[in-house]
Amino acid sequence: DAGVIQSPRHEVTEMGQEVTLRCKPISGHNSLFWYRQTMMRGLELLIYFNNNVPIDDSGMPEDRFSAKMPNASFSTLKIQPSEPRDSAVYFCASTWGSGSPYEQYFGPGTRLTVT
Amino acid sequence: AQSVAQPEDQVNVAEGNPLTVKCTYSVSGNPYLFWYVQYPNRGLQFLLKYITGDNLVKGSYGFEAEFNKSQTSFHLKKPSALVSDSALYFCAVRDMGTGANSKLTFGKGITLSVRP
């Protein structure tokens with residue numbers, strides 16, 4: 001199994017530009033999570049989906065952030081417009097059932113730098 | 001509400017010595033507990049979990065953790081540390097009784113540094 005796939009691995013963009021991060025979960029998993037990691041705030045859950053439906057987006061910082069999961073094998077996290085404070089590593093993770101005892105599998109992350 | 005506390009920012013040990021990385025948790029009901037490790041520039045990797053049953057859980061790379069309900073703790077241990085164990089370690093918890101749609105809460109992480 002290829003594991004959770006994220007693209008791009010690195011993204012450098014200028015303030016005000018739109019950024020789209022992509023995630024392909026492990027085949028068969030039905031829950032997907034987006035996290036953000038910074039030195040100051042640690043690991044934060046932004047949003048998670050169960051069976052392609054957003055369940056909890058209370059961690060999304062503001063309206064500039066949006067996430068979609070059009071099917072079981074693909075999700076996007078979009079930032080529009082981007083700001084320097086959005087610079088972070090963004091992780092996607094997947095598992096079987098968000099409420100289950102199964103562990104989450106993390107992707108390698110996308111390192112976003114907004115200048 | 002559920003929460004995790006990792007009271008130390010960093011743990012330093014010498015190679016070959018035993019190591020302990022501490023974690024305490026708070027949930028309303030019974031917990032599912034997890035440990036993850038993150039190496040530099042990598043995603044988090046699952047180490048081990050406690051669901052139910054034996055309080056001593058064994059995981060990857062020789063790590064183990066002991067669930068202590070009375071102390072609400074789930075400390076990670078290894079009998080003999082390796083330099084390659086140096087990484088960031090996260091404890092996480094989920095309340096078993098919160099239903100099908102609930103999230104995992106992570107601690108802030110502890111940096112383990114093993115010196116040769």
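Chain identifiers are assigned alphabetically (A, B, ...) following the order of the sequence lines, protein sequences preceding nucleic acid strands; residue numbering begins at 1 within each chain.
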Proximal component of A:E44, with respect to chain B [non-hydrogen, under 4.5 Å]: neither
Region of B:Q38 that comes under 4.5 Å of a non-hydrogen atom in chain A: side chain
Contacting region of A:R111 [heavy-atom separation from chain B under 4.5 Å]: side chain
Part of A:Y102 within contact of chain B (heavy atom distance under 4.5 Å): both
Atom group of A:Y35 that falls short of 4.5 Å from chain B, counting heavy atoms: side chain
Portion of A:T110 that has a non-hydrogen atom of chain B nearer than 4.5 angstrom: neither
Interatomic spacing from CD1 in B:I51 to CZ in B:R94 - rounded to 0.5 Å: 10.0 Å
Lys/Arg-Asp/Glu bridge criterion (N-O < 4.0 Å) met for B:E64, B:K77: no
From B:S80 atom OG to B:E15 atom CD, the distance as rounded to the nearest 0.5 Å: 7.5 Å
Aromatic plane relationship, A:H29 with A:W96 - under 30° parallel, 30 to 60° tilted, over 60° perpendicular: perpendicular
Rounded distance [0.5 Å steps], OG1 in B:T105 versus OH in B:Y25: 14.0 Å
When B:L44, B:L33, B:T52, B:N41 are compared by non-hydrogen pairs under 4.5 Å with chain A, the top option: B:L44
Aromatic plane relationship, B:F67 with B:Y50 - under 30° parallel, 30 to 60° tilted, over 60° perpendicular: parallel
